[in-house]
Amino acid sequence: MELAKSFEPSEIEKRWYPGWEERGFFKAGLDPDNPDAFCILLPPPNVTGTLHMGHGFNQTIMDTLTRYYRMRGDNTLWQPGTDHAGIATQIVVERQLEAQGISRLALGREKFLEKVWEWKEYSGNTITRQMRRLGTSPDWSRERFTMDAGLSETVTETFVRLYDEGLIYRGKRLVNWDPVLHTAVSDLEVVSEEEDGFMWHIRYPLSDDSDAPAALTVATTRPETMLGDVAVMVHPEDARYRALIGKKVQLPLTGREIPIIADDYVDPEFGTGCVKVTPAHDFNDHAVGLRHKLPFVSILTLDAKISDAAPEKYRGMDRFDARKAIVADLDALGLLAGVEKHKLKIPRSDRTGVVIEPMLTDQWFVATTKPSSDGKSISEKALECVASGEIRFFPAAWVSTYNQWLNNIQDWCISRQLWWGHLIPAWYGDDGAVYVARNEAEARARAEKAGYTGALTRETDVLDTWYSSALWPFSTLDWTPDYPARSNTALDLYLPSTVLVTGFDIIFFWVARMIMMTKHLTGKIPFKHVYVHGLIRDAEGQKMSKSKGNVLDPIDLIDGIDLEELVKKRTSGLLNPKHAGEIEKRTRKEFSAGIPAFGTDALRFTFLSLASPGRDIKFDLHRCEGYRNFCNKLWNASRFALMNVPDASDLQAGTEEITGSASEPALADRWIVSALQRTVAEMARHYADYRFDLLAHTLYEFVWNEFCDWYLEMVKVQIQEGTPEEARATRRCLVDTLETILRLAHPLLPFITEELWQVVAPLAGRKTRDSIMLCDYPAAQPEKIDPASEERVRRLKDLCYACRNLRGEMKLSPAQKVPLILRGDDLADFVPYLKALAKLSEVRIVETMPDDTNAPIAIVGETRLMLKIMVDLAAETARLSKEIARINDEIAKAKAKLANASFVARAPAHIVAQEETRLAEFAATAEKFRAQLARLAP
RNA sequence: GGGUGCUUAGCUCAGUUGGAAGAGCGCUAGCCUUACAAGCUGGAUGUCGGCGGUUCGAACCCGUCAGCACCCACCA
C-alpha cells in the first residue's frame, strides 16, 4: 500500500470515526470479573450553543486518558452527557425569541418550554457532533441529559430525602436577586467588580434635639435605600455618639422615626461612624436587623422599582431614578451634607450583568453546615474526604482553595424563579403549608396525614442547574432509590470514578457540591482524583468570550477557515453590535491569512503539550502548526518504513534472525529498542502524574529526535551495507519499533496512528487487524534496556556532531563529501555510519594522526578527528585558539571548584569525582588542540 | 482584609528530592542529500524579576521588595 506523500488529516478522520463508533469500540467495559475499572465523567457541556476551546482542551485530556486505560485492558467507561444549564439556556432561547419579536411571557410557560426543548435538541446534537470531530471516545450509548426521566427522578428523590432529613428547607431570606431575570441566584453567580460611585452624606435630624448635635450624618453609597431604613447604628464605644444611643432620629422624606442603636459591627473610623440600617436590602444590615429584632421594610419590588411601602412620591420609580430624586429632595431640604467620589464593588449578575438587588423572598436552601443524621454536616464530610486523602487533587495546591471555601460556606440557595429546569417537588395548601413529595399523590397523602384535605398547588420554582449536576456521579449510572440494597454493574464498577478532569473555575460550582451530595447520599466519594487544569486564553492572555470577539472554534483549527468566514462568525450574533468593527479589525490583523487546517491530531497534541499544571494557556497557533508538522513527520517515517519493507514474509525471516542466536542484533537496533523502553516507561510515569505536557514532549522527542533523526538514518546504512540477513533483521526491528510507536501515540493522536497502523501492523505480524484501539498498550520491558549500546550510540552521535560542526565551520557545502581521518579505539563499526551521517567520502582509522597538514581537527573524548581538506592557515589557527580559550575557561572553573577545600570535603564523593574527570578531559583536549596549533605554526 | 499562582532565550513555555541552563516557534548561514522543504545541516541568543540569607554549591530552599494574574470576603 502506497501512502500519500504528506499527511492529509481530513479524509482520514472522516473515515475512521464512524467505524470505531459503529463497531462499539467506545462501549463501557462492564466485565464484573475485571477489577481494574477506569471511569471518567464528562463534565456535561451546557446546551447553550457550541463547544469552545476550553471544551476541546478538557475533552482531549479525558480522551487521551480513556484510550490509554482502555488499551491497558481496564474496564473503561467515559460517561458522556449534556447539561440543561437552566438560566444560561433560558436566556439563549429568550433572546432568540425576542429577535423574532416574541416575548417569553406572551408565549406562556408550556409553549416556551417546547421551544427550549427544540433548542436543546439542536445544541445537544451540535455538541456531540463536535466531540466526535475531536476524536473523543465516550460510550455514546450511555449518553445522558440532566433532564432525562431517570436523572429527573433522582433529582426528585434526593430532594425529598434531604427535605425529610431537614437538610433542605424553605424560608424567607435575603437573597441575591436578578431584577431582569426575576430570579434568585446563588452567591457564586454574583460577580463583584470595582466601579466608580459616590458616597452621599445625609443628615438625619434628632427627634429630641435638646442635646446637640441636631442631626446625625450617615454615609451611604445607596441613598435610595434610606426609604427602608429602620435604625441608625453607631459603635457602642464611640464617644461622639455614645450619649445618643437609644434616642431617635427622624427619617427624612418618610415621616418615620427610627432608633439609634449600638453595634460593634460599625467601624468608627469609616465615613461618619453612623450607619443607616436597611435590613431588607443589605446583607450586613440584615444580620444587624436580626440581632436587634428590627422590622424589615421592603421598599423595592421584584422589578427593582420603589414599592408601596415607600412614600407615594417615589412609588413605581426605577431604583436609579429614585436615587436621583431622593438626593435632589434631600438637598432641597438641606439634609444633604455632602457628596464624594467613592470606589466600590458593585455586585452584578453573572448572566445578565445587571446590578444585583438583595431581596427578601421565599426560597429553598440546602443546609450545608447543619449536622445530618450521622452527626456531620455535608460540608464537613466533604472536607474529610479530601483531608483523609481519599480524594486527591492534582495539582495538590487546589486543596487549600477547596478547604477555604468549604470552611466558610453559606447555605446554598437552590430555588430559581425560572421556567427551564427541574420543578421543585413541593405542593402548597391554601393555607400556605408546604408538602414536599415525590409526586402529587404522595403530597396529598402527606397533607392528609397533617390534617389538610383541600386543594394543592404545585411549586413553580425550579432548581439551580447545579443541583442536578451535583448528582451526576451517580445519576448517570442509573442509581435507584433502593441503592445500595439494589445496585447495578455500572454503579459497582464506576462509583467512585477514577478521575474528574475540570477547570478550576468550577471547583466550587460543581466539584465541591458533587463531593458533598454524593458522599452524603450514597456514602461513597464521587471520584478518586481531581485533575484541575487551566483556562484556554487567547494569544494575548485574554479570556475568550463572544463579546470580546476572540473566541476560536476548535473545529476551525481542525478544518481551517478563511478570513472572511472567521470575521463573519466572530461579528454575528453579538449582544452589543457596536463592538463588531473593533473585532473585525483585530481579527483581520491576527489572522490575515485565515487559519489553515491542522487536523484533529495536531490540535489534540497542542492541547496536551500546553497542559502544564497550575497555569492558564495562551493558545499559540504556531504550536499547533509545529505539531501538525510532527504528524507529518510520523507519516513520512512510516512511508519510509513501508518503502523499505516489501512484505510480511520478508520479515518472518527477519524475526528468526533477530530472535535466533545467529548473530547479535546490530548496534542501531539494540539501541533503539533500549531507547524505546525508556520512552515507554517515562510516558507511563507521566500518565500516572497527569503530566500531559511532559507526556507529549517525551513522545515528540523520541519520535523525531531519536527515531527519525538517528535510527532511520542508521537503518539506511544497515540496509544498504549489511548482508541480506542483517538487512532483514533491521527491517524487522524497524517495523516493530514503528508499530510500537503507533500504539504508544494512539491515545494522543488517534486518527493518524490508526491510519498508519493499519498498514504497518500486518508487516509486524500483529494478529488483530480491527483497530489499533483494541491493541495492548506497550508495557515497559526494563530487561530490554541496554546501557552499553546507548553509550555506543552516544559516542557515535558525538563524533557525527563534531564532523558536522567542522564542516559547518569550514563552510563546506552539504553536497561536498570529504575524507575523515580518525584516531582512537573501537571505531571500526562506526565507519559506515559516519560516512553516511556526516557526508564523508571515506573514513580512515590511523595509529598516528598525520602532522604535516593544516587540516581542521576536532576532539571527542579520546578520539581525534581530522577532515582531510586544505584550509586557510590563519583561519584555522584562529579557530583552534578560540576553541582552546573556551576549554581553558572550563578548566579554570573546574580547578577553582576543586581548589575549594570545603567543596572537596563536603560535596558527595561522586560529584567530586565527576568534577575531577571533567577537569582531566578538558586538560587532555586542550593539550591536543595546543599540539595541533603548534603544528600549524610555520 | 485573607488566600493562591506567576516572573527562565525575541515569543509561548518546560526544568521531576539543590550538583555543568532546555524545547517549540521565530532569527540566521547553507542545502530540492531517493521518508518528509510541513524537511535537512550548522549557528547566534539568557547577570533564570531585584536584594539579602542558608549551603561546598541555588533557576530550585528561606526572607524581603517589585511587577503581573487570579480566587474568596467585602466598610456602610
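All values below were derived from every heavy atom in this structure, side-chain atoms included, with hydrogens, water molecules and symmetry-related copies excluded. Chain letters run A, B, ... following the sequence lines, proteins first, then strands; residues in each count from 1.
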Base-pairing mate for B/U55 - Watson-Crick or G-U, with both contacts under 3.5 Å | none

Across the strands shown, which category fits A/Cys708 at heavy-atom distances under 4.0 angstrom: base, sugar-phosphate, nothing?
-> base

Scan every strand shown for a Watson-Crick or G-U wobble partner of B/U64, both distances under 3.5 Å, and answer none if you come up empty.
-> B/G50

Between B/U17 and B/U4 - C1' atom distance, rounded Å = 24 Å

If you take all heavy atoms of A/Ala668 and A/Met714, which pair is closest and at what distance?
-> CB-CE, 3.6 Å

Toward the 5' end of RNA chain B, by each residue's nearest nucleotide, A/Arg628 or A/Ala641 = A/Ala641

May I ask you to say what A/Arg804 touches in the nucleic acid, namely base, sugar-phosphate or nothing, with a heavy-atom cut-off under 4.0 Å?
-> sugar-phosphate

Select base, sugar-phosphate, or nothing to describe what A/Leu610 touches, counting heavy atoms under 4.0 Å on all strands.
-> nothing

Using 30° and 60° as the class limits, which term best fits the ring planes of A/Phe707 and A/Tyr711: parallel, tilted or perpendicular?
-> parallel

Taking the same atom, C1', in B/A9 and in B/G5, what whole-Å distance lies between them?
-> 23 Å

What nucleotide, of B/A35, B/G24, B/A38, holds the atom closest to the side chain of A/Met643?
-> B/A35

Expressed in whole Å, how much space separates the C1' atoms belonging to B/A58 and B/U8?
-> 14 Å

At under 4.0 Å between heavy atoms, what does A/Ala637 touch on the DNA or RNA strands: base, sugar-phosphate, or nothing?
-> base

The nucleotide from B/A14, B/G43, B/C75 with an atom nearest the side chain of A/Asn284 is B/C75

Looking across every strand, which nucleic acid part, if any, lies under 4.0 Å from A/Phe7 by heavy atom: base, sugar-phosphate, or nothing?
-> base

Counting any heavy atom closer than 4.0 Å, what does A/Tyr801 reach on the DNA or RNA strands: base, sugar-phosphate only, or nothing?
-> sugar-phosphate

Mind checking A/Glu8 for me? I need base, sugar-phosphate or nothing, with any heavy atom below 4.0 Å counting as a touch.
-> base

Please tell me which of the listed nucleotides, B/G2, B/C36, B/U12, lies nearest to the side chain of A/Gln404?
-> B/G2

Measure from the side-chain heavy atoms of A/Lys839 and tell me the nearest of B/A76, B/U33, B/G15.
-> B/U33

Would you mind classifying the nucleic acid contact of A/Arg691 as base, sugar-phosphate or nothing, using non-hydrogen atoms under 4.0 angstrom?
-> sugar-phosphate

Reckon A/Thr278 touches a base, only the sugar-phosphate, or nothing at all at heavy-atom distances under 4.0 Å?
-> nothing

Looking only at side-chain atoms of A/Glu713, point me to the closest of B/C13, B/A35, B/G24.
-> B/A35

Considering all heavy atoms, the nearest A/His281-A/Thr225 contact | CB-CG2, 4.4 Å

Considering only side-chain heavy atoms of A/Arg615, which listed nucleotide, B/C31, B/C40, B/C13, is closest?
-> B/C13

Would you mind classifying the nucleic acid contact of A/Trp200 as base, sugar-phosphate or nothing, using non-hydrogen atoms under 4.0 angstrom?
-> nothing

Describe the nucleic acid contact of A/Asn900 in one word from base, sugar-phosphate, nothing, applying a heavy-atom distance below 4.0 Å.
-> sugar-phosphate

Tell me what A/Ser6 touches on the nucleic acid: a base, only sugar-phosphate, or nothing, going by heavy atoms under 4.0 Å.
-> base

Count the heavy atoms of every other residue, nucleotide or ligand shown that sit under 6.0 Å from CD of A/Gln410, and state whether that count exceeds 12.
-> no

Identify, between A/Tyr265 and A/Pro9, the residue whose nearest nucleotide on RNA chain B lies closer to the 5' end.
-> A/Pro9

Select one nucleotide: of B/C13, B/C74, B/A76, the one nearest the side-chain heavy atoms of A/Lys345.
-> B/C74

Residue A/Asp709, side-chain atoms from C-beta onward, closest of B/C40, B/G19, B/C75 = B/C40

Is there a donor-acceptor contact under 3.5 Å linking the side chains of A/Glu189 and A/Ser186?
-> yes

Report the nucleotide, chosen from B/C13, B/A35, B/G42, that has the shortest atom-to-atom distance to any side-chain atom of A/Arg639.
-> B/A35

Given B/G19, B/A35, B/A76, which nucleotide is nearest the side-chain atoms of A/Asn636?
-> B/A35

Going by atom types only, do A/Thr278 and A/Asp229 share a side-chain donor-acceptor pair under 3.5 Å?
-> yes

